[in-house]
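Structure record follows, encoded as structure tokens.
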Amino acid sequence: QVQLVESGGGSVQAGGSLRLSCAASGRTALYVMAWFRQAPGKEREFVAAITWSGGSTYYADSVKGRFTISRDNAKNTVYLQMNSLKPEDTAVYYCAVSKTFSHNYYAKDLMYNYWGQGTQVTVSS
């Protein structure tokens, strides 16, 4: 099993920055870690993903150039650096882990086996 503990959420003004962290524990091998978000009244959507061994990254078009996903293999931790935040970034952000990777499914929550508790990010205008 994998347990995910998130931190770093909060409230900021538009244009500000936040860094989210997600620490994974357990003995299950990691292959992909990702961030999703869900805004009020909307479905959960993909934000970014990173492969554990090679560090290949994938981003939703809405966050390219503003968000950066990274990982620390020694700490089993993934980060999401969020810059130039906009009010439309307001959502609950979830960390997720998958033991498999598919180019067709990496942005779909169906691919992920484990989920964090979620952390609220609020961006005011």
Side-chain angles (χ1 to χ4, degrees):
Q1 293 186 349
V2 176
Q3 295 81 44
L4 304 175
V5 180
E6 301 175 359
S7 62
S11 181
V12 297
Q13 292 287 118
S17 299
L18 286 172
R19 190 177 83 155
L20 307 183
S21 300
C22 177
S25 62
R27 298 179 179 178
T28 302
L30 306 177
Y31 193 75
V32 183
M33 295 188 73
W35 291 95
F36 288 75
R37 67 187 182 186
Q38 187 168 23
K42 298 185 66 177
E43 295 185 351
R44 186 160 51 190
E45 66 176 353
F46 171 78
V47 177
I50 187 167
T51 61
W52 206 244
S53 59
S56 299
T57 57
Y58 307 84
Y59 295 95
D61 288 342
S62 60
V63 305
K64 286 181 179 178
R66 300 189 299 121
F67 291 9
T68 302
I69 189 170
S70 61
R71 89 278 195 240
D72 186 331
N73 293 74
K75 297 181 178 180
N76 283 349
T77 299
V78 65
Y79 305 95
L80 186 68
Q81 179 67 47
M82 304 185 293
N83 298 325
S84 301
L85 284 162
K86 304 175 181 179
E88 51 263 44
D89 295 318
T90 295
V92 177
Y93 283 70
Y94 297 91
C95 176
V97 168
S98 176
K99 294 183 288 184
T100 62
F101 176 80
S102 170
H103 186 267
N104 293 325
Y105 291 97
Y106 72 88
K108 306 297 183 183
D109 56 10
L110 181 65
M111 197 185 81
Y112 295 85
N113 309 104
Y114 303 99
W115 294 83
Q117 77 282 4
T119 184
Q120 177 70 47
V121 171
T122 302
V123 184
S124 59
S125 60

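- Nearest heavy-atom pair, Cys95 versus Val78, reported as atom, atom and distance to 0.1 Å: SG-CG1, 3.9 Å.
- By the rule that hydrophobic residues join a cluster once side-chain heavy atoms approach within less than 4.5 Å of another member, Val12 and Leu80 end up as members of one cluster.
- Here the closest non-hydrogen pair linking Ala91 and Ala39 is CB-N, 3.8 Å.
- Put simply, OG1 on Thr77 and CZ on Arg71 are 12.0 Å apart, with the number rounded to the nearest 0.5 Å.
- Between the side chain of Tyr59 and the backbone N or O of Ile69 there is at least one donor-acceptor pair closer than 3.5 Å.
- In this structure, CZ on Arg37 lies 4.5 Å from CD on Glu45, to the nearest 0.5 angstrom.
- Asp89 contributes no side-chain N or O that, together with a main-chain N or O of Val121, makes up a donor-acceptor pair within less than 3.5 Å.
- Summarising the geometry of Val2 relative to Ala24, their closest heavy-atom pair is CG1-CB, 4.0 Å, with the distance given to 0.1 Å.
- Follow the hydrophobic side-chain contacts under 4.5 Å out from Tyr114 and you reach Val47 in the same cluster.
- Of the candidates Tyr31, Trp35, Phe46, Phe46 is the only one forming a ring pair (Phe, Tyr, Trp, His ring centres under 6.0 Å) with Tyr106.
- To the nearest 0.5 Å, the span separating OG on Ser21 from CD on Gln81 amounts to 9.5 Å.
- If you look at Tyr94 and Tyr112, their ring centroids are not closer than 6.0 Å.
- When Val32, Thr57, Thr68 are each tested for a side-chain contact (heavy atoms from CB on, under 4.5 Å) with Ile50, only one passes: Thr57.
- For CD of Glu43, the number of neighbouring non-hydrogen atoms (other residues, nucleotides, ligands) closer than 6.0 Å is 12 at most.
- Hydrophobic clustering, with ILVMFWY side chains joined whenever heavy atoms are under 4.5 angstrom apart, keeps Tyr93 apart from Tyr58.
- Gln120 has its side chain within reach of Thr90: a pair of non-hydrogen atoms, C-beta onward, lies under 4.5 Å apart.
- Atom CZ of Arg66 sits about 10.5 Å away from atom OG of Ser17, to the nearest 0.5 Å.
- Here the shortest heavy-atom pairing between Phe36 and Ala107 reads CE2-O, 3.6 Å.
- Shortest non-hydrogen contact noted between Gln13 and Ser124 is OE1-OG, 2.6 Å.
- The pair Lys64-Asp61 meets the salt-bridge criterion, with a side-chain N (NZ, NE, NH1 or NH2) lying under 4.0 Å from an Asp/Glu carboxylate O.
- Trp52 is listed as a side-chain neighbour of Asn76, based on a closest heavy-atom distance under 4.5 Å.
- With Thr119 as reference, Leu20 is the one residue of Leu20, Val92, Leu18 to meet the side-chain contact (heavy atoms from CB on, under 4.5 Å) rule.
- Between the side chain of Ser98 and the backbone N or O of Thr100, at least one donor-acceptor pair lies under 3.5 Å.
- Across Ala49 and Ala34, no two heavy atoms sit closer than the pair CB-CB, 3.8 Å.
- By the rule that hydrophobic residues join a cluster once side-chain heavy atoms approach within less than 4.5 Å of another member, Met33 and Met82 end up as members of one cluster.
- Of the possible polar contacts, one joining the Thr51 side chain to the Ser56 backbone as a donor-acceptor pair under 3.5 Å is found.
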